[in-house]
Asks: 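Submitted below is the structure of interest, expressed as structure tokens.
Computed from a prediction, not measured in an experiment: that's the story for all the values here.
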Amino acid sequence: MANDTLAHKRLTSYLNLVNAVLLVVTAVVYFIEASAAKTFSSTVLALIVVAAALAVVFALVPGKASDAANLVAVPCIAAALAQFLINSINTIADAVSGTTMFGSTGGIGYIVLVAGLLAAAMIIEIVSCFMSREAK
């Protein structure tokens, strides 16, 4: 089936592959930085990994059944971002107020980085949801 090879995929498949790589990088950065800051959550990591796997399934698995993977990846990324920000609220509050009132651990830098990567991944995934996967 030459039509199912990666060379014959549409732009949305490539966007999902790029997004999968971005999510894996995000997962690695999150694991390293959150572990060092003692704010690691296995839920956040699991949601990021599931979203990356769904992006790969959508990009590489042909058929109508895998179309839903693209849609399910978006709430996974959104939930990971929300849970991450909730877990980081003490550090965010301390950074905004300029104090260490809430006993934050770690810096705001990694929070901004991970939140930015997750937001970018969510935007890419949402855009790819509106793109056609098959030639018309």
Side-chain angles (χ1 to χ4, degrees):
M1 297 184 125
N3 202 17
D4 291 335
T5 63
L6 194 57
H8 292 92
K9 296 286 184 184
R10 296 188 49 95
L11 180 60
T12 187
S13 294
Y14 292 114
L15 280 176
N16 273 274
L17 289 176
V18 167
N19 207 22
V21 171
L22 179 65
L23 285 166
V24 168
V25 168
T26 303
V28 170
V29 169
Y30 172 73
F31 180 78
I32 292 169
E33 295 294 334
S35 295
K38 295 179 180 60
T39 58
F40 177 76
S41 168
S42 58
T43 304
V44 174
L45 185 63
L47 286 167
I48 295 171
V49 170
V50 166
L54 288 169
V56 170
V57 165
F58 177 78
L60 299 180
V61 176
K64 295 285 185 187
S66 64
D67 286 348
N70 201 19
L71 297 173
V72 176
V74 174
C76 285
I77 298 169
L81 179 59
Q83 186 65 45
F84 172 69
L85 291 175
I86 289 168
N87 292 347
S88 304
I89 196 69
N90 291 341
T91 304
I92 294 168
D94 284 350
V96 169
S97 68
T99 65
T100 55
M101 180 176 167
F102 294 105
S104 65
T105 56
I108 193 75
Y110 99 91
I111 294 171
V112 172
L113 176 65
V114 171
L117 289 171
L118 285 171
M122 189 165 49
I123 290 169
I124 291 170
E125 202 67 36
I126 290 170
V127 167
S128 75
C129 283
F130 290 99
M131 299 173 74
S132 175
R133 185 168 133 166
E134 299 172 358
K136 300 205 179 207

Asks: Compare every heavy atom of Cys76 with every heavy atom of Ala51, then report the nearest pair and how far apart it is.
Replies: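 Nearest heavy atoms, Ala51 then Cys76: CB-CB, 4.0 Å.
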Asks: Scan residues 78-87 for pairs that pass side chain to side chain donor-acceptor pair (under 3.5 Å), counting only residues two or more places apart or in two chains.
Replies: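 Qualifying pairs: Gln83-Asn87.
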Asks: Treating Ile, Leu, Val, Met, Phe, Trp and Tyr as nodes and any side-chain heavy-atom pair under 4.5 angstrom as an edge, say whether Val28 and Leu47 lie in one connected cluster.
Replies: no
Asks: Kindly say whether Thr12 contributes a backbone atom to a donor-acceptor pair with the side chain of Ser128 at under 3.5 angstrom?
Replies: no
Asks: With a 4.5 Å cut-off on side-chain heavy-atom distances among I, L, V, M, F, W and Y, is there a chain of contacts connecting Ile123 to Val24?
Replies: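 Result: no, two separate clusters.
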Asks: Is it the case that one hydrophobic cluster holds both Val25 and Ile111, taking links as side-chain heavy atoms less than 4.5 Å apart, direct or via other members?
Replies: yes
Asks: Would a single hydrophobic cluster contain both Leu45 and Val74, if residues Ile, Leu, Val, Met, Phe, Trp and Tyr are joined by side-chain heavy-atom contacts under 4.5 Å?
Replies: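 Hydrophobic grouping puts Val74 with Leu45.
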Asks: Under the rule for side-chain contact (heavy atoms from CB on, under 4.5 Å), what residues qualify as partners of Ala115, not counting sequence neighbours?
Replies: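 Leu81, Phe84, Leu85.
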Asks: Return the set of residues passing ring pair (Phe, Tyr, Trp, His ring centres under 6.0 Å) with Phe40 (not counting sequence neighbours), or none when no residue passes.
Replies: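 Partners of Phe40 under the ring pair (Phe, Tyr, Trp, His ring centres under 6.0 Å) test: Tyr30, Phe31.
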Asks: Would you please test Leu17 and Val21 for side-chain contact (heavy atoms from CB on, under 4.5 Å) and show each step?
Replies: CA-CA 6 Å; Leu17 289 176; Val21 171; 5.9 Å; no
Asks: May I ask you to list the residues sharing a hydrophobic cluster with Leu71, side-chain cutoff 4.5 Å, ordered by chain and number?
Replies: none
Asks: Could you please spell out the steps behind the side-chain contact (heavy atoms from CB on, under 4.5 Å) verdict for Glu125 and Asn16?
Replies: CA-CA 7 Å; Glu125 202 67 36; Asn16 273 274; 2.7 Å; yes
Asks: Could you work out the complete set of other residues in the hydrophobic cluster of Ile86, with links drawn between I, L, V, M, F, W and Y side chains under 4.5 Å apart?
Replies: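 Besides Ile86, the hydrophobic cluster comprises nothing; the residue is isolated.
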Asks: Hey, what do you get for CD1 (Ile108) to CG (Leu113), rounding to the nearest 0.5 Å?
Replies: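 Output value for this atom pair is 11.5 Å.
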Asks: Can you find a pair of side-chain heavy atoms, one from Leu23 and one from Leu118, that are under 4.5 Å apart?
Replies: yes
Asks: Below 4.5 Å, heavy atoms only, C-beta onward: do Glu33 and Val114 meet side chain to side chain?
Replies: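 Heavy-atom side-chain distance check fails, nothing below 4.5 Å.
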Asks: Using side-chain hydrogen bond (donor to acceptor under 3.5 Å, both in side chains) as the criterion, list what pairs up with Ser88, not counting sequence neighbours.
Replies: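 With sequence neighbours excluded, Ser88 shows a side-chain hydrogen bond (donor to acceptor under 3.5 Å, both in side chains) to no residue whatsoever.
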Asks: Taking a hydrophobic cluster as the set of Ile, Leu, Val, Met, Phe, Trp and Tyr residues connected by side-chain heavy atoms closer than 4.5 Å, whether directly or through intermediates, do Val44 and Val112 fall within one such cluster?
Replies: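 Both belong to a single hydrophobic cluster.
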Asks: Please assess Thr91 against Tyr110 for the test side chain to side chain donor-acceptor pair (under 3.5 Å), listing each intermediate value before the final yes or no.
Replies: CA-CA 11 Å; Thr91 304; Tyr110 99 91; over 6 Å; no
Asks: Linking directly or through intermediates, with side-chain heavy atoms under 4.5 Å: list the remaining ILVMFWY members grouped with Val72, chain and number order.
Replies: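 ILVMFWY cluster around Val72 also holds Val50, Leu54.
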Asks: Would you name the heavy atoms of Ala52 and Ala20 that are closest together and state the gap between them?
Replies: O-CB, 3.8 Å
Asks: Could you tell me which residues satisfy side-chain contact (heavy atoms from CB on, under 4.5 Å) with Leu22, sequence neighbours excluded, listed by chain and number?
Replies: Asn19, Thr26, Leu117, Ala120, Ala121, Ile124
